[in-house]
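Numbering starts at 1 and runs along the sequence shown. As the structure is a prediction and not an experimental result, all values here were calculated from the model. Just follow the structure's listing: the first ligand is 1, and inside any ligand the first atom is 1.
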Amino acid sequence: MDSEEAESKLNQKILLGPGPSNVPCRILNALSQSCMSHLDPDFFKTLDEIRENLKILFKTNNENTFAISGTGSAGMEASFANLIENKDRVIIFVSGLFGERMADVAGRYNAEVVVVKKDWGESFTFEEMKEVIDNEENIKIVSIVHAETSTGAKQDIKQLGEFLKLSNIIFVVDSVTSFTGLDLDVDSWGIDVCYSGSQKCLNVPPGLSPITFSDKAMAKIKNRKDKVKSWYLDLNLLQNYHSKNRIYHHTAPVNMLFALNEGLKICLEEGLETRINRHQEVSVYFSSKLANSPFEYFVKNKKNILPMLKTIKLPNHISDNKRTLLLKDESLEIGGGLGDTKGKVWRVGLMGCNATNENVDIFFNTLEKYI
Ligand code: PLP
């Protein structure tokens, strides 16, 4: 091992938190390619590839599929900034921090937000959501988080999407943590806007938000009477760059897009179904190890436990401070609780290339030394 390699190994942390996840060398190499202009026709080939690969992975034919410059929150903000016109009525189903964030963002764009809440860690049934929608009037947008990273709970969205597809309501889904780790079928599930983040199951550094807009969503945006309140995230302007026109809007983060392109290729080489199954198999292995540990899952309903993000309750005799030691002495990152769960749970991410039985063993074996 030469000294550079030894140093990079030394600095390498095992990122089993809620993201970012570890970045494979292939993606790091792509990131460090020579920079080129965002208006270079050679770079447009990369943008074309990204669009086509995202379409395959989102399972959509939407032409308006690209990566927003910014993290997952930028995707969330782009969705609401473009869709909401003054006083539009928006239902947001909330059972964790990121649902709460959606409601906050939608409110800032002057929506009349109907927040429907469940306790953290729970998920909505289709019947519960349908009843709310049936009893509300003049709803323009319904929005939900597919994989609630603050709680580790999965939200079934297929039936909801199929129901909304038959209406004029726009369906917005946060797939920041679920994308390429959980089954997600944008077109057949009737999802109109779906955004994600680069740093979770894609194993690309944080900084990009893959997003897709259906024709139904585009029609609402095109028919707006006023300008989108965010210049940076205005889809009408972004489209000029991300469509065939390739007209300058802002300087695209060229190297991050190289990295994303590589990340998408890795997913496709593995195969989407294989990748999703791998997350599921590793999840089963994690559960078997958890059963022999002092921990238990925070999410009560077993069928809603996310494969790529395990939220586990801390037993009384284990202090949250142990996480600091794991990071300092073992270079092992585990996420802590958010909001009311702070100090009460740990969040263990097994995302993308990090979804391996070996990492599950590393987590439980390392932990044994500290508890
Ligand atoms: N939505 C969900 C479900 C998330 O897990 C996150 C981040 O963890 C976000 C949105 C916000 O993404 P970012 O932190 O990349 O802005």
Side-chain angles (χ1 to χ4, degrees), residues 15-23 58 67-81 92-109 115 118 120-124 143-157 171-184 186 191 193-212 230 232-233 253 256-257 259-260 263 279 298-299 304-311 333-339 341-342 345-352 354-355:
L15 302 180
L16 302 188
S21 54
N22 283 103
V23 182
F58 273 127
I68 298 264
S69 309
T71 62
S73 304
M76 186 188 289
E77 188 125 12
S79 309
F80 292 124
I92 304 192
F93 292 101
V94 175
S95 56
L97 181 107
F98 293 102
E100 285 173 7
R101 185 178 294 182
M102 272 184 164
D104 183 5
V105 174
R108 286 165 193 249
Y109 286 96
V115 177
K118 276 225 158 183
W120 280 37
E122 292 192 9
S123 304
F124 294 87
S143 194
I144 201 155
V145 178
H146 191 203
E148 188 38 271
T149 328
S150 60
T151 65
K154 178 178 94 172
Q155 173 60 57
D156 283 335
I157 51 174
F171 186 30
V172 177
V173 170
D174 175 314
S175 69
V176 170
T177 287
S178 60
F179 186 49
T180 73
L182 259 189
D183 212 11
L184 173 72
V186 166
I191 301 170
V193 180
C194 192
Y195 60 86
S196 188
S198 48
Q199 77 274 24
K200 309 263 186 181
C201 293
L202 288 175
N203 305 124
V204 175
L208 288 174
S209 176
I211 197 164
T212 183
S230 163
Y232 194 69
L233 298 172
M256 272 302 296
L257 287 156
L260 177 67
H279 281 85
F298 175 71
V299 175
N304 294 332
I305 290 169
L306 285 175
M308 72 288 286
L309 198 271
K310 308 301 201 179
T311 302
E333 202 216 19
I334 307 296
L338 298 170
T341 66
K342 190 169 170 17
V345 302
W346 283 359
R347 293 178 303 142
V348 185
L350 296 161
M351 299 176 175
N354 282 358

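Using a 4.5 Å heavy-atom cutoff, the side chains of Leu309 and Arg347 are in contact.
Below 4.0 Å from some heavy atom of Val145 lie the following atoms of ligand 1, by number and element: 3 (C). Under a 4.0 Å criterion applied to the non-hydrogen atoms of Thr177, ligand 1 contributes the atoms 5 (O).
The closest approach between any non-hydrogen atom of Ala147 and ligand 1 is below 4.0 Å. At least one heavy atom of Gln199 sits closer than 4.0 Å to an atom of ligand 1. By the 4.0 Å heavy-atom criterion, Arg101 is counted among the residues contacting ligand 1.
Taking both residues in full, the closest heavy atoms of Gly352 and His279 are given as N-NE2, 2.9 Å, listed atom of the first, atom of the second, then distance.
Under a 3.5 Å cut-off, the side chain of Asn22 and the backbone N or O of Asn203 do not form any donor-acceptor pair. Side-chain atoms of Gln155 never come within 3.5 Å of backbone atoms of Glu148 as a donor-acceptor pair (strictly under, hydrogens ignored). A donor-acceptor pair is defined here as one N or O able to donate and one able to accept, closer than 3.5 Å; no such pair exists between the side chain of Lys310 and the backbone of Gly152. A donor-acceptor contact shorter than 3.5 Å links the side chain of Ser21 to the backbone of Gln199. For Ser175 (side chain) and Tyr195 (main-chain N/O), a donor-acceptor pair under 3.5 Å exists by modelled atom type.
Nearest to atom 4 (C) of ligand 1 by heavy atom, out of Leu208, Asp174, Thr149, is Thr149.
In this structure, the ring of Phe80 has its center no less than 6.0 angstrom from the ring center of Tyr109.
Protein heavy atom nearest atom 11 (C) of ligand 1, with residue, atom name and distance: Ser73 OG, 3.3 Å. The single protein non-hydrogen atom nearest to atom 8 (O) of ligand 1 is Lys200 NZ, 2.6 Å, given as residue, atom name and distance. Ranking the protein heavy atoms by distance from atom 2 (C) of ligand 1 puts Phe98 CG, 3.4 Å first.
The shortest N or O to N or O distance between Gly72 and ligand 1 is under 3.5 Å. Any N or O atom pair closer than 3.5 Å counts here, and Thr71 shares at least one such pair with ligand 1.
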